[in-house]
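Throughout, numbering of the chain's residues begins at 1 and tracks the sequence.
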Amino acid sequence: VLAAALLTKQSAALLVIAQLPRPAPPQPIAALVPPIPPGAQCPDGMAIVPEGDFEMGSHDGFDPDETPVFRRHVNAFCLGIHEVTVREYSAGVAKGACTAGRGTADWPDLSIWEGRQWSRYCNDDSKEKQDHPMNCVDWYQADTYCRVMGGRLPSEAEWEYAARGGSEERRFPWGDT
């Protein structure tokens with residue numbers, strides 16, 4: 001208590017913020033959902049992505065968190081045949097099961113000016129973009145939506161595997177160029 005009394009108001013505020021409980025980190029997806037049994041069917045609107053091995057990561061060096069590249073096995077899983085639309089996400093919000101999109105782009109190291117520029121691409125409040133993919137939601141919002149709808153987000157490995165065309169190991173979803 002004595003030490004806290006010697007801190008400036010700004011430092012004391014930082015001390016209080018640091019003592020607030022943090023949300024528990026999400027459980028790994030593999031621990032939550034067993035692999036799809038052979039011969040199983042995916043729900044309507046989803047397709048099965050067959051199991052396989054691929055090189056996860058990138059040799060390009062664009063982003064340090066994409067290295068080192070390593071071999072990864074992915075079990076078969078179901079994935080939506082299209083992204084969640086603004087209309088679909090808004091239905092979850094209307095039911096009170098999800099929170100509305102933020103309507104702004106904000107990620108680490110984004111300046112205020114860049115945030116304003118990127119935010120104009122947020123689809124959440126646009127009546128003309130109801131069939132466009134929902135964006136400008138954070139991981140927790142996306143996770144909540146998927147769980148409410150009876151599904152889950154793909155793991156990072158599952159997403160990269162599907163986006164690269166499975167075992168084809170394309171650089172981009174549309175090919176290598």
Enquirer: Kindly compute the distance separating OH (Tyr161) from CG (Asn75), expressed to the nearest 0.5 Å.
Expert: 10.0 Å

Enquirer: Same cluster for Val148 and Leu153 if Ile/Leu/Val/Met/Phe/Trp/Tyr side chains link at under 4.5 Å?
Expert: no

Enquirer: Okay, side chain of Gln141, backbone of Ala100: is any donor-acceptor separation there less than 3.5 Å?
Expert: yes

Enquirer: Working to the nearest 0.5 angstrom, can you tell me the gap between Thr99 OG1 and Asp138 CG?
Expert: 7.0 Å

Enquirer: Working to the nearest 0.5 angstrom, can you tell me the gap between Arg120 CZ and Cys122 SG?
Expert: 11.5 Å

Enquirer: Same cluster or not: are Tyr121 and Val86 linked, directly or through other Ile, Leu, Val, Met, Phe, Trp or Tyr residues, by side-chain heavy atoms under 4.5 angstrom apart?
Expert: no

Enquirer: I'd like to know if Met149 and Met134 are part of one continuous hydrophobic network [Ile/Leu/Val/Met/Phe/Trp/Tyr, side-chain heavy atoms within less than 4.5 Å].
Expert: yes

Enquirer: To the nearest 0.5 angstrom, please state how far the OG1 atom of Thr144 sits from the CH2 atom of Trp139.
Expert: 8.0 Å

Enquirer: How close do Ser119 and Ala105 get, heavy atom to heavy atom, and via which atoms?
Expert: OG-N, 2.8 Å

Enquirer: Check the pair Arg87 / Asp131 against side chain to side chain contact (heavy atoms under 4.5 Å, CB included), numbers first and verdict last.
Expert: CA-CA 6 Å; Arg87 183 183 323 280; Asp131 294 321; 3.1 Å; yes

Enquirer: May I ask you to check whether Ser111 and Glu114 show a side-chain donor-acceptor distance below 3.5 Å?
Expert: yes

Enquirer: Donor-acceptor check, side chain of Asp143 to backbone of Arg152, threshold 3.5 angstrom: yes or no?
Expert: no

Enquirer: Given the rule that I, L, V, M, F, W and Y join up when any side-chain heavy atoms are under 4.5 Å apart, are Phe77 and Met46 in one cluster?
Expert: no

Enquirer: Ignoring hydrogens, what is the shortest heavy-atom contact between Glu83 and Pro133? Give both atom names and the distance.
Expert: CB-CB, 3.9 Å

Enquirer: Under the 3.5 angstrom rule, does the side chain of Thr67 hit a backbone N or O of Val69 as a donor-acceptor pair?
Expert: no

Enquirer: For Asp109, I'd like to know if atom CG has over 12 heavy atoms of other residues, nucleotides or ligands within 6.0 Å.
Expert: no

Enquirer: Where do Ala162 and Leu79 come nearest, in terms of heavy atoms and distance?
Expert: CB-CD2, 3.6 Å

Enquirer: When rounded to the nearest 0.5 angstrom, what is the spacing between NZ in Lys127 and OG in Ser90?
Expert: 7.0 Å

Enquirer: Please give me the minimum heavy-atom distance between Val137 and Arg102, naming the atom from each residue.
Expert: C-NH1, 3.6 Å

Enquirer: Please enumerate all residues that pass side chain to side chain contact (heavy atoms under 4.5 Å, CB included) together with Met56, with sequence neighbours excluded.
Expert: Phe54, Phe70, Arg72, Glu156, Ala157, Glu160

